[in-house]
Amino acid sequence: MALANKYRPKSFSEVIGQDNAVIALRNIIKNKNFHNGYIFSGTRGVGKTTLGRLFAKALNCSNYDVENGNPCGVCSNCVEIQKNSHLDLIEIDAASRTGVDDMRELLDSVQYRPSQGKYKVYLIDEVHMLSMQSFNALLKTLEEPPSHVIFIMATTETHKIPKTIVSRCLQFNLKLVTDELIKNNINKIFKEEDVTSDDKSIDLLVELAKGSVRDSLTLSDQAISHCDGNLTEESISQLHGVLDLSSTTKLFEAIFKNDVKSVVEELKRYKSLDVNYEILFDRSLSFLHERIVHSTLSEYHSTQDLHLYYQFFSNGLVDAKQTDKTRDCFDISVLRCLTFSDEAKSSSKKKPKLKEVKITKTEANSEEINTPKKVEITEPINEEKTDTSLAEKKLTPNNWLEVFDKTDLTGPSRAFFSNLQLQKVIDNTIYFEGAEMFADRINKENIQNLIDSLKRLNFPEYKVEIDSTEKAKNTPSSKWEQQRKRDIEKFKKEIINSDLVANLKNNFGEDIDEDKIMVIDHEE
């Protein structure tokens, strides 16, 4: 017998992870305050049908234990309900009986009193699959049913049930069961089944179950068969195409260090092992979620990169579901993290430049100058030295655009300050102003990046003050936009004066002017 059936709860005390629903049902039976209908909603494998059967068993139990809140389990009603052979528990699979005729046939039997127990219980599974006509047929009976009739409905999609039905029922939203409870349940069952396992193999089964008790037992059944009763992390990993739990940490440590080689090697290893990339997406999102929460609580850690990475993996998962290319989407998500990493700016080194040699022509050396000579200068110049003349001018609103182009800012810091206008410089304090959406989002790390970048250009260590205003127009971003427009206009004129346009006009009579040319700017 399957573990999910063998270890299905036989009393309320055996139900795990649904304490709120169990307490409410026990109080309903204790106080005999019965409602017309009940809806158990929740994802797969959390106990919807099980709670419905237990409620029906408690309602019809001859020796119900009010103090402990459990059916006796030994009377004829309890035994037959446990065997699914009780005449007064009518289970309907709404997925296969969606028609209005099926519902009318069912409702015709409502008027007859129970043959064995106290109540006639109709348990409708996947009730959201019923047609609208079936719901309409059920509506009147559900509103005023006979006193001996109780409707119990189970569904995974409550939003598909008409409001008129929901408003006439008590609804219990069953939550996902915690990993700890599922782990304890698996260990308990393995002990009774005499199955050996290590902790990491159990952790993998819990991870794969994703909060579903039934899925955890089905996966355990499969693992027992595959491993012949001796479960190990390696064997479970091979069975389900998953990696050890530390692999995600290893991958992100390489991403944080911008270690391209290690990251690519990990991606190749994943491909060679034919891993389950959906699980890798889930692990990555969970890992980043934990890091974001931890960094948010820590005063000295920035979370902007982590938020960006989380967005990459979220978008990658959406793309994977749309394209069915899960591995490609995961790889691209990882590589995007490398592209936008703040560490990426330190991975590329500046090339040395040669000294510029100027030769002035005079009468004395005119002959030497007319004769070409090859002059090699091997002394490299540090790029920072070329900016000394710029630093000597001091930083002002007039040269801010020129200075900004020479900074090595990257990522969010460059994006923010490119949209700010330098208003004034007093002593060693720089005053910026810009739109609220940029000015208010700049943090201490962005400001420190600017200060360090200016110091590398031989400027002194400035302090930075930023004000919000909508009047800022003289920004690096606006300068680039204006230059881009000029480049496009220049490009249009080059097209008009090209041989191609001249040939079209001469051979085909086509008269093309600038208004007929549309330039698509891919950098916008």
Side-chain angles (χ1 to χ4, degrees), residues 258 292 295-296 301-312 314-315 336-346 348 350 383 387 390-391 393-491 519-524:
N258 202 51
I292 289 172
S295 297
T296 302
H301 289 81
S302 173
T303 62
Q304 57 187 5
D305 281 350
L306 295 175
H307 283 290
L308 190 63
Y309 298 163
Y310 192 94
Q311 192 66 37
F312 290 155
S314 297
N315 293 340
R336 279 176 177 171
C337 294
L338 288 176
T339 305
F340 287 88
S341 171
D342 278 348
E343 296 294 331
K345 64 186 178 183
S346 61
S348 57
K350 300 170 184 176
E383 190 172 345
D387 296 318
L390 188 64
K393 298 178 183 178
K394 296 185 179 180
L395 189 61
T396 66
N398 294 329
N399 69 359
W400 164 240
L401 302 180
E402 180 186 357
V403 171
F404 186 82
D405 285 338
K406 293 181 178 294
T407 61
D408 57 0
L409 289 175
T410 60
S413 300
R414 186 172 184 82
F416 288 142
F417 282 103
S418 68
N419 287 279
L420 298 183
Q421 174 179 301
L422 195 152
Q423 184 183 14
K424 57 186 177 180
V425 180
I426 300 178
D427 295 331
N428 276 351
T429 303
I430 311 174
Y431 294 88
F432 287 102
E433 59 182 10
E436 182 179 348
M437 64 178 295
F438 300 111
D440 291 353
R441 294 174 62 189
I442 293 179
N443 57 32
K444 294 180 180 179
E445 183 179 353
N446 302 139
I447 294 174
Q448 189 60 48
N449 289 339
L450 175 66
I451 295 172
D452 293 342
S453 182
L454 290 175
K455 287 172 64 178
R456 287 191 286 273
L457 293 175
N458 291 333
F459 284 99
E461 183 168 352
Y462 287 108
K463 295 180 182 179
V464 176
E465 297 289 338
I466 302 173
D467 293 326
S468 298
T469 179
E470 297 299 329
K471 298 180 180 179
K473 295 182 179 179
N474 192 22
T475 65
S477 179
S478 62
K479 172 193 170 185
W480 299 333
E481 185 177 353
Q482 293 169 6
Q483 182 61 43
R484 191 66 183 166
K485 289 180 180 178
R486 289 194 293 267
D487 291 342
I488 291 175
E489 292 301 321
K490 181 180 178 182
F491 180 62
V519 178
I520 300 175
D521 187 3
H522 292 285
E523 293 190 10
E524 289 186 345

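These numbers come from the heavy atoms of this one structure, side chains and all, not from hydrogens, waters or symmetry mates. It should be emphasised that the depicted structure is a prediction, and the values quoted were computed from it without experimental measurement.
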Point to revise | Where Thr475 and Leu401 come nearest, the two heavy atoms and their spacing | key: C-CD2, 3.6 Å
Exercise for review: Could you pull out all residues at least two apart from Phe432 that satisfy ring pair (Phe, Tyr, Trp, His ring centres under 6.0 Å)?
Suggested key: Trp400, Phe417
Review point. Taking all non-hydrogen atoms of both residues, which atom of Thr396 and which atom of Leu422 are closest, and how far apart?
Key: C-CD2, 4.0 Å
Check your understanding: Would you say Ser418's side chain and Ala415's backbone share a donor-acceptor pair under 3.5 angstrom?
Key -> yes
Check your understanding: Excluding sequence neighbours, so at least two apart, what forms side-chain contact (heavy atoms from CB on, under 4.5 Å) with Ser453?
Key -> Thr407, Asp408, Leu409, Arg456
Check your understanding: So, does Asn443 use its side chain to make a donor-acceptor pair with the main chain of Glu445 at under 3.5 Å?
Key -> yes
Review point. What residues form a side-chain contact (heavy atoms from CB on, under 4.5 Å) with Ala435, not counting sequence neighbours?
Key: Met437, Phe438, Glu470
Point to revise | Partner set under side-chain hydrogen bond (donor to acceptor under 3.5 Å, both in side chains) for Ser413, not counting sequence neighbours | key: Asn446, Asn449
Practice item. Only pairs at least two apart or in different chains count here, so list each salt bridge (Lys or Arg N to Asp or Glu O under 4.0 Å) that has a residue in residues 460-469. Key: Lys455-Glu461
Practice item. Can you sort out the partners of Asp405 under salt bridge (charged side-chain N to carboxylate O under 4.0 Å, His left out), two or more places apart, ordered by chain and number? Key: Lys479
**Study point:** Flag, side chain of Gln421 to backbone of Asn474, donor-acceptor distance under 3.5 Å
**Key:** yes
Practice item. Taking side-chain contact (heavy atoms from CB on, under 4.5 Å) as the test, write out the residues that go with Gln423, two or more places apart. Key: Tyr431, Glu433
Point to revise | Close side-chain approach of Tyr462 and Leu450, heavy atoms under 4.5 Å | key: no
Exercise for review: Please name all residues satisfying side-chain hydrogen bond (donor to acceptor under 3.5 Å, both in side chains) with Ser314, sequence neighbours left out, ordered by chain then number.
Suggested key: none
Check your understanding: Looking at residues at least two apart in the chain, or sitting in another chain, which of them share a side-chain hydrogen bond (donor to acceptor under 3.5 Å, both in side chains) with Ser468?
Key -> Asp440
Check your understanding: How long is the gap from CZ on Phe312 to NE2 on His307, to the nearest 0.5 Å?
Key -> 13.5 Å
Revision key, fill the gap. Across all chains, not counting sequence neighbours, the side-chain contact (heavy atoms from CB on, under 4.5 Å) partners of Asn315 are Gln311
Check your understanding: Can you tell me how far the CG atom of Leu338 sits from the OH atom of Tyr309, to the nearest 0.5 Å?
Key -> 7.5 Å
Exercise for review: Would you give the length of the straight line joining atom CG of Leu420 to atom CD1 of Ile430, rounded to the nearest 0.5 angstrom?
Suggested key: 11.5 Å
Review point. Is the closest side-chain heavy-atom distance between Ile447 and Ile442 below 4.5 Å?
Key: yes
Revision key, fill the gap. One should read off an interatomic distance between Cys337 SG and Leu308 CG, to the nearest 0.5 angstrom, of 7.5 Å
